[in-house]
Amino acid sequence: MEKVRVRFAPSPTGPLHIGGVRSALFNYLLAKQTGGTFILRIEDTDLERSSRESEENIKDSLRWLGIDWDEGVDVGGPYGPYRQTERLELYQEYVDRLLETGHAYRCYCTEDELEEQRQALLAKGEMPRYLGNCRDLTPEQEEAYRKEGRKPVIRFRVPEGENIVVDDLVRGQVAFESDGIGDFIIVKSDGLPTYNYAVVIDDALMKISHVIRAEEHLSNTPRQLLIYRALGLAEPVFAHISLILGKDRTKMSKRHGSTSVVQYKEQGYLPEALVNFLALLGWSPEGEEEIFSMEELCRQFSLDRVAKNPAVFDLDKLNWLNGYYIRQTPVERITEMAIPYLIKEGYLPETLTPEDREQASKIVAAVQGYLPYVGAVVDHVQIFFADEIKPENEEAAAVLKEEQVPQVVELFAAKVKGAEELETGSVKKLLKETSKELKLKGRQVFMPIRVALTGQMHGPELHDIIPILGKEKVLQRLSQTTGLSLS
RNA sequence: GGCCCGUUGGUCAAGCGGUUAAGACACCGGCCUUUCACGCCGGCAACAGGGGUUCGAAUCCCCUACGGGUCACCA
């Protein structure tokens, strides 16, 4: 088998989309597993919408996810440049050939004229399409148009009555009739190539072996094939992967919530969880394991286990998977991720002392198991910072009124006061002793203390909470919420 | 509308002519536990419909329905 060369070719018109990531990922995985090359090319021929900022965003996102490219923008390579606007002479060269061989021609119709034509067809109840007005202009006619100052576009002359078969690795053979394709534009009036044209030249010159891209490109493929053939260029193998849909089963867009990678990054998703999740969207492993590192994905990935049907993006599953990864990740890393959220919420100062970090780490350890994404940390830590504790509801208030409460609180407070230092192990012991000495069931001891300290019926382990609060705060809260003087 | 792709539980999905139709998320129940979460155990729940082909169809063919994509001087 020839060497695998695959590419991800986004247009820098916005932040990297979740669907784009999956295309990039599948390409990357195929490259890595075969020892092939993964290329990043930027398709920036839409001057209006392309921006350098978007390009940077896309590259940052890819790097963050661990999808690194072997060849392409920034890193270079033997087939550069890797930005389409820097490859204009190349496109020119092949356009000249197409023009000479009659596979392409100049069209002088203005957008207004075409619009008019479209409306006329629509009015007659016919399908709007290009009628081929300029297909066979004489040199004189062309000259006349040019004198008018018209700027031509270049159209590809689509042959009639041809059957074009796309051999697709995930869909099998898909046939199209050339008659259903109008002469399409390959060079815009501003001289820049269109997608359908540039993509062919680039893929061919960059010796791309497999074009793995979203299904929305499937209907464009016959046009591209026509260009390959007109130019006698070697064709790559195609693989069109299905789209990612939103909850309403239409192509995922902003309406469906977060669609760009940065949004997930900002919410505190782990890149490895996102990669794992996206890999499972449209591809399925052979066994029953669903947790995969990038390395494992590289080993297991296979194009023939890629599904044909579109997949709905399931945020619940992503959250579960991400939460799972968070639980598996060392507390140090989650703490580093959590700190910015805690600062933003005003729980931590802008500049942290070593003690602040230590405290943050303990807090994160206590709530790590609750987080679907790290940003959710702020929803679980009010109990550590609140100035005043109040029972969250009547049920909690009732707990504080149970008859054993005074003795429980007094005894426990005394133990806390007398303790050398409060840490998980010693607190566990104090709690045990309290319940033993009073001959009370765990619940009768733990719940009042929990409510007295946090106001909540639920939350992290008491032996995690208490050392974080510290002796002073514990005593203060116990007396404040129960109204007992604990001197 | 033309062309193209698709349709297995609420969601992701396995299955590639003979299975009690996997597994995961979600949901429900139980266990564990000082609570919740985690974890463990169990449960609910699907082949879009209709015709063929075949001894036998989720699997192959046709039709219908539904969903999506594409028909740009966007990619």
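We name chains A, B, ... by the order of the sequence lines, and we start the count at 1 in each one. Below, each value reflects all heavy atoms present in this structure, side chains not excepted, and no hydrogens, waters or symmetry copies.
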J.: Tabulated below should be each protein N or O lying under 3.5 Å from an N or O of nucleotides 39-45 of chain B; please produce it.
T.:
from, atom 1, to, atom 2, distance (Å)
B/G39, OP1, A/Arg327, NH1, 3.4

J.: For the side chain of A/Arg450, starting at C-beta, report the closest nucleotide among B/U70, B/U34, B/A75.
T.: B/U34

J.: Base, sugar-phosphate, or nothing: which does A/Arg249 touch, judged by heavy atoms less than 4.0 Å apart?
T.: sugar-phosphate

J.: As a check on the pairing definition, encode RNA chain B in dot-bracket form, counting Watson-Crick and G-U wobble pairs whose two distances are under 3.5 Å, and using | for partners outside this strand.
T.: ((((((((.[[[..)..(....]]].(((((.......)))))....[[[[[..)....]]]]])))))))....

J.: Decide yes or no on ring-ring contact (aromatic ring centres under 6.0 Å, His included) for A/Phe26 and A/His210, but give the supporting numbers first.
T.: CA-CA 11 Å; A/Phe26 284 12; A/His210 297 68; over 10 Å; no

J.: Is there a side chain to side chain contact (heavy atoms under 4.5 Å, CB included) between A/Arg52 and A/Arg83? Walk through the geometry before answering.
T.: CA-CA 11 Å; A/Arg52 209 52 183 240; A/Arg83 238 182 311 261; 3.1 Å; yes

J.: Within the 4.0 Å heavy-atom criterion, would you say A/Arg49 contacts the bases, only the backbone, or no part of the nucleic acid?
T.: base

J.: When all nucleic acid strands are considered with a 4.0 Å heavy-atom cut-off, which category describes A/Thr45: base, sugar-phosphate, or nothing?
T.: sugar-phosphate

J.: Determine whether the aromatic ring centres of residues A/His103 and A/Tyr94 are separated by less than 6.0 angstrom.
T.: no

J.: Any donor-acceptor pair, under 3.5 Å, between the side chain of A/Tyr370 and the base of B/C38, if you only look at N and O atoms?
T.: no

J.: To the nearest 0.5 angstrom, please state how far the CD1 atom of A/Ile334 sits from the OG1 atom of A/Thr329.
T.: 4.5 Å

J.: May I ask you to say what A/Cys107 touches in the nucleic acid, namely base, sugar-phosphate or nothing, with a heavy-atom cut-off under 4.0 Å?
T.: nothing

J.: Determine whether the aromatic ring centres of residues A/Phe277 and A/Phe313 are separated by less than 6.0 angstrom.
T.: yes

J.: Distance criterion of 3.5 Å, no angle test: do you see the side chain of A/Ser189 paired donor-to-acceptor with the base of B/C73?
T.: yes

